[in-house]
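Excluded from the calculations below are hydrogen atoms, water molecules and symmetry mates; all remaining heavy atoms, backbone and side chain alike, are included. Labels below follow one simple rule: chain letters A, B, ... track the order of the sequence lines, proteins then strands, and each chain is numbered from 1.
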Protein chains: 2
Amino acid sequence: MDLAAKLQAAGLRSTPKRLAIARLLFDGEDMHVAADAVARMAAQAGLRVSLATVYNTLNQFVAAGLLRRVNLDSERSYFDTNTASHQHIYVEDEQRLIDIPGGQIRVSGLPALPEGMEVRAVEVMVRVGAPKPTQG
Amino acid sequence: MDLAAKLQAAGLRSTPKRLAIARLLFDGEDMHVAADAVARMAAQAGLRVSLATVYNTLNQFVAAGLLRRVNLDSERSYFDTNTASHQHIYVEDEQRLIDIPGGQIRVSGLPALPEGMEVRAVEVMVRVGAPKPTQG
DNA sequence: CTGCAAACTATAATCTCTCTAAACAACGTC
DNA sequence: GACGTTGTTTAGAGAGATTATAGTTTGCAG
């Protein structure tokens, strides 16, 4: 997996900062991170990169299709290094996202779409947690 | 539909501000609004209500089960006056949400959950738009 | 090399939302 | 109907995430 080539194939210049951030993100493990976590990871790795560059880079990666943005809550954005079609389980108590491999979940019964529209994405978010005692 | 009774049944005092905001929201039509839109609607209706109260009230309505929070993007929160189990189509080009009645969509193939967890919600968001010419 | 466009940075600005502390109102009690 | 308690409302400050700005630096074509 040549990251420099991956960047260039996506239409992005292969700069040192981008390469370093890409190395943090695409280390083989699928991950779900927020921008501040990326900045922290970068700092820990001894990389001197400004917060603005972290945001710029993440947004460029999303635009280039290298990352996927996940709308988990309105607090902040999360970025998913797995860009293949797949879904998520969100463990609310632990604030942890778990991937559901693509193709495992089937969504049926979609209604007719408005005239001239096509489906761009079907997002499924399964929110789980310990049973609520107040409900029982 | 007695709104004052509805508030009290939800454990909220029936105050003039809450009643007025409830009247704006629960006018019969299901709607999806952001906090600033509610503030604007209130102002247009001649209601003098502070932004803090709009936020407080919306959050209380969510906690009381009168509203549902929808995570559409990370910019802001949207509130859905339809609290029944249902799903959404998001028309990206028009930034418009369309309800899919509950029970119409079926999601199958959910994986096993972590130990001691139960499903709290299954959110489905179908993003649609005009076919992208660059993809064609 | 040289020049230009793109990238990077620090900082300011913006935007959504919450906190704070004080004024105010609902509601039960007498 | 006044009183006290408690919950509401408010203006404004504050917090946190993200973007805009403007100047400097860097990559890369010629």
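- One can place CG of B/L19 at 13 Å from P of D/dT8, the figure rounded to the nearest angstrom.
- Distance, B/L72 CG to C/dT16 C1': 15 Å, rounded to whole Å.
- Nearest approach of A/P114 to B/I98, heavy atoms of both residues: CG-CD1, 4.0 Å.
- Side-chain N/O atoms of A/K17 include one lying less than 4.0 angstrom from OP1 or OP2 on C/dT9.
- The side chain to side chain contact (heavy atoms under 4.5 Å, CB included) search around B/A63 returns none, not counting sequence neighbours.
- Nucleic acid contact class of B/T15 (heavy atoms, under 4.0 Å, all strands): sugar-phosphate only.
- Residue A/R13 places no side-chain N or O under 4.0 Å from the OP1 or OP2 atom of D/dC28.
- Salt bridge absent: B/K6 and B/D2 never bring a charged side-chain N and a carboxylate O closer than 4.0 Å.
- Remark: the A/D30 side chain and the A/H86 side chain contain no N/O donor-acceptor pair separated by less than 3.5 Å.
- There is a side-chain donor-acceptor pair under 3.5 Å between A/D99 and A/H32.
- Not one N or O on the side chain of B/R18 forms a donor-acceptor pair closer than 3.5 Å with the backbone of B/A4.
- Look at CG on A/D73: it is 14 Å from C1' on D/dT18, rounded to the nearest Å.
- Remark: P of D/dC28 and CG of A/L12 are 12 Å apart, rounded to the nearest angstrom.
- Using a 4.0 Å heavy-atom cutoff across all strands shown, B/R76 reaches sugar-phosphate atoms only and no base atom.
- Within the 4.0 angstrom heavy-atom criterion, only backbone atoms of the sugar-phosphate kind lie near B/S77; the bases stay farther away.
- Between C/dC8 and A/N56, no contact under 4.0 Å exists linking OP1 or OP2 to a side-chain N or O.
- Rounded to whole Å, the distance from CD on B/E75 to P on C/dC17 is 10 Å.
- Rounded to whole Å, the distance from CD on A/Q8 to P on C/dA6 is 16 Å.
- In this structure, CZ of B/R18 is placed 10 Å from C1' of D/dT9, rounded to the nearest angstrom.
- The nearest heavy atom of DNA chain C to B/S14 and to B/L51 marks one nucleotide each, and the one closer to the 5' end goes with B/L51.
- Applying the 4.0 Å criterion to OP1 and OP2 of D/dT18, one finds that A/Y55 has a side-chain N or O inside that range.
- Along DNA chain D, the nucleotide closest to A/A35 and the one closest to B/T53 are compared, and the more 5′ of them pairs with B/T53.
- Annotation: of the two residues near DNA chain C, A/A52 and A/Q60, the 5′-most nearest-nucleotide partner is A/Q60.
- In this model, the phosphate group of D/dT10 is approached by a side-chain N or O of B/S50 to a distance below 4.0 Å at OP1 or OP2.
- Residue contacts shown for B/D36 are absent, as no nucleic acid heavy atom lies under 4.0 Å away.
- Distances shown here put every side-chain N or O of B/R48 at or beyond 4.0 Å from the OP1 or OP2 atom of D/dT9.
- Following rounding to the nearest Å, B/L47 (CG) and D/dT9 (P) show an atom-to-atom distance of 11 Å.
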